Amino acid sequence: MPDSTLAQDASATRAKLRFGLLSLAVSAGLVALKFWAWRLTNSQVVLSDALESIVNIVTSGFALWSVWLASLPRDQNHPYGHGKVEHLSVGLEGALIFGAGLFIVVGAGESLVQPHKVGRLDWGIGVLAFTAVVNLVVGWWLVRAGRRLHSMALEGDGKHLYIDALSSIVGVASLFGVALTGWLWLDSAAALLLGVFITWQGGRMLRRAVGGLLDETDPDTVAELVETLEKHRRPRWIDVHNLRVQMYGPDLHVDAHVSLPYYLSLTESHAEISAIELLVRHQGPGQQVELFLHADPCEPPRQCAYCQVLDCPVRQRPFLALIPWTADIVMRNERHGSLVD
């Protein structure tokens with residue numbers, strides 16, 4: 001691997017670790033503030049927000065560890081690297097959020113049946129509003145950094161802070177409602193709604209993590225990859241089929257079959273495959289890309305109908321139509337002849 005690529009990888013890893021440390025420090029500080037606000041107010045919604053925020057500390061620490069582990073180079077026992085640990089990080093975060101949501105729902109339901117007095121609403125509103133602003137800002141930084149650095153763990157951590165900010169906003173609204181109306185049940189009702197929302201979000205994160213661990217295809221990544229191939233396709237690239245894309249943390253693994261004119265020499269076929277590899281690495285989705293491309297010899301006369309090599313010395317059928325490459329077409333495990341027959 002070139003020295004410039006190694007330097008870029010090291011720089012990206014340091015950036016990920018800095019953002020991970022930021023998330024951990026912010027989470028710890030805000031949890032302390034929220035529990036202090038709960039002691040002042042005795043509010044169920046503030047307690048719910050604080051309990052959900054405890055998850056932030058655990059998940060931020062695990063996300064930091066997973067970012068470090070994902071940055072380690074491949075070894076004999078992990079030939080595809082360690083990137084899938086980021087899916088595990090998001091799964092753990094989702095499971096903890098799901099569990100916290102259920103706990104909040106139960107507590108809020110009990111409090112709704114037996115409301116209790118809420119006090120020091122001004123302090124509660126002020127503290128929750130402050131934590132909401134901080135979580136929104138830090139969450140935005142983390143999501144932006146996660147997408148730029150292709151780190152699912154950082155992006156998941158940032159989205160969790162968004163959820164935390166929304167929890168605080170709901171808490172502020174409910175405390176305002178109690179202050180204006182004196183209806184104590186508003187506090188418990190807001191906590192109940194918050195618990196349901198948190199449980200739903202935790203389930204979504206779990207679903208995403210399981211999909212990643214099972215190598216579920218990311219439609220956006222495939223669409224971007226296919227768009228790049230279609231935009232820069234060469235006449236000798238007769239078709240691309242059986243395309244498969246796997247994500248391993250920041251690394252992208254691409255398998256595909258490429259039909260080339262059967263009369264090309266081994267050197268010429270290798271040059272065409274190398275051109276595709278360079279194209280994907282420099283114009284593709286942006287991650288570190290590893291490609292496994294299998295060159296298939298063309299099959300006249302069937303493939304002649306959409307082959308763009310117009311001066312082909314062995315053509316057996318006139319050119320009929322150019323088949324646009326789409327995700328649906330190139331992911332099929334078949335050549336494209338049936339599309340023009």
Side-chain angles (χ1 to χ4, degrees), residues 1-2 5 74 79-81 83-84 150 211-212 214-341:
M1 185 178 292
T5 302
R74 304 170 190 171
Y80 292 99
K84 283 215 169 184
H150 304 288
L214 295 178
D215 292 326
E216 186 177 59
T217 298
D218 178 29
D220 293 336
T221 301
V222 173
E224 187 175 355
L225 179 61
V226 173
E227 182 181 358
T228 298
L229 292 172
E230 168 70 6
K231 183 179 178 181
H232 299 277
R233 66 191 291 182
R234 295 182 179 183
R236 284 181 170 181
W237 304 347
I238 300 173
D239 73 22
V240 175
H241 57 279
N242 199 22
L243 175 72
R244 291 168 291 176
V245 178
Q246 296 173 303
M247 298 289 297
Y248 289 83
D251 297 331
L252 190 67
H253 295 261
V254 180
D255 298 330
H257 287 235
V258 182
S259 295
L260 300 173
Y262 74 83
Y263 53 80
L264 295 183
S265 68
L266 181 60
T267 300
E268 290 173 315
S269 297
H270 177 73
E272 296 297 334
I273 294 297
S274 296
I276 296 176
E277 292 178 344
L278 288 174
L279 171 64
V280 173
R281 287 197 173 100
H282 291 95
Q283 303 290 334
Q287 296 99 320
Q288 280 293 111
V289 181
E290 182 177 44
L291 293 97
F292 296 96
L293 301 179
H294 178 79
D296 290 331
C298 68
E299 296 179 343
R302 192 179 190 193
Q303 289 187 283
C304 294
Y306 59 92
C307 174
Q308 297 183 78
V309 185
L310 301 181
D311 58 349
C312 175
V314 295
R315 178 174 291 279
Q316 301 179 25
R317 185 179 178 186
F319 175 79
L320 296 179
L322 177 66
I323 299 176
W325 289 346
T326 65
D328 176 63
I329 290 175
V330 301
M331 292 183 72
R332 298 180 188 179
N333 189 17
E334 60 180 356
R335 305 193 191 210
H336 303 164
S338 61
L339 298 174
V340 295
D341 287 343

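The structure displayed is predicted, hence computed values, not measured ones. Residue numbers count from 1 along this sequence. Computed over heavy atoms, backbone and side chain alike; hydrogens, waters and symmetry mates excluded.
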- What do the steps show when you test Leu279 against Trp237 for side chain to side chain contact (heavy atoms under 4.5 Å, CB included), and what is the final call? CA-CA 13 Å; Leu279 171 64; Trp237 304 347; 4.1 Å; yes
- Task: Kindly compute the distance separating CG (Leu278) from NE2 (His232), expressed to the nearest 0.5 Å.
- Result: 12.5 Å
- Query: For Cys304 and Arg315, which heavy atoms make the closest approach, and how far apart are they?
  - Reply: O-NH1, 2.7 Å
- For the side chain of Arg234 and the backbone of Ile276, is there at least one donor-acceptor N/O pair under 3.5 Å apart? no
- Task: Drop me the distance from Ile323's CD1 to Ile329's CD1, to the nearest 0.5 angstrom.
- Result: 6.5 Å
- Task: Mind listing the closest non-hydrogen atom pair of Val309 and Pro235 along with its distance?
- Result: CG2-O, 3.5 Å
- Yes or no on side chain to side chain contact (heavy atoms under 4.5 Å, CB included) for Arg335 and Arg302, after CA distance, side-chain angles and deciding distance? CA-CA 10 Å; Arg335 305 193 191 210; Arg302 192 179 190 193; 5.9 Å; no
- Query: If you take all heavy atoms of Val245 and Thr221, which pair is closest and at what distance?
  - Reply: CG1-CG2, 4.2 Å
- Item | Val254 side chain near Leu225 side chain, heavy-atom distance below 4.5 Å | yes
- Message: Could you check whether any side-chain heavy atom of Leu320 comes within less than 4.5 Å of a side-chain heavy atom of Arg317, counting everything from C-beta outward?
- Response: yes
- Determine, step by step, whether Leu243 and Val226 satisfy the side chain to side chain contact (heavy atoms under 4.5 Å, CB included) criterion, reporting the C-alpha distance in whole Å, the side-chain angles of both residues, the deciding distance to 0.1 Å, and the verdict. CA-CA 9 Å; Leu243 175 72; Val226 173; 3.8 Å; yes
- So, the side chain of His336 versus the backbone of Gln303: is there a donor-acceptor pair under 3.5 Å, distance only? no
- Task: Quick one: pull up CG in Leu293 and OG in Ser269 and give me the separation to the nearest 0.5 Å.
- Result: 12.5 Å
- Pairwise distance CD(Glu277) to NE2(His270) - rounded to 0.5 angstrom: 7.5 Å
- Message: Quick one, Tyr306 with Ile238, criterion side chain to side chain contact (heavy atoms under 4.5 Å, CB included). Give me CA distance, side-chain angles, the key distance, then yes/no.
- Response: CA-CA 7 Å; Tyr306 59 92; Ile238 300 173; 3.6 Å; yes
- Task: Compare every heavy atom of Pro261 with every heavy atom of Cys298, then report the nearest pair and how far apart it is.
- Result: SG-CA, 3.7 Å
- Task: Nearest 0.5 Å please: distance from the CG atom of Leu291 over to the CD1 atom of Ile273.
- Result: 9.5 Å
- Query: Which atom pair, heavy atoms only, marks the closest approach of Arg236 to Leu264?
  - Reply: CZ-CD2, 3.6 Å
- Any side-chain donor-acceptor pair under 3.5 Å between Asn242 and His294? no
- Item | Shortest non-hydrogen contact from Ser259 toward His241 | OG-CE1, 3.6 Å
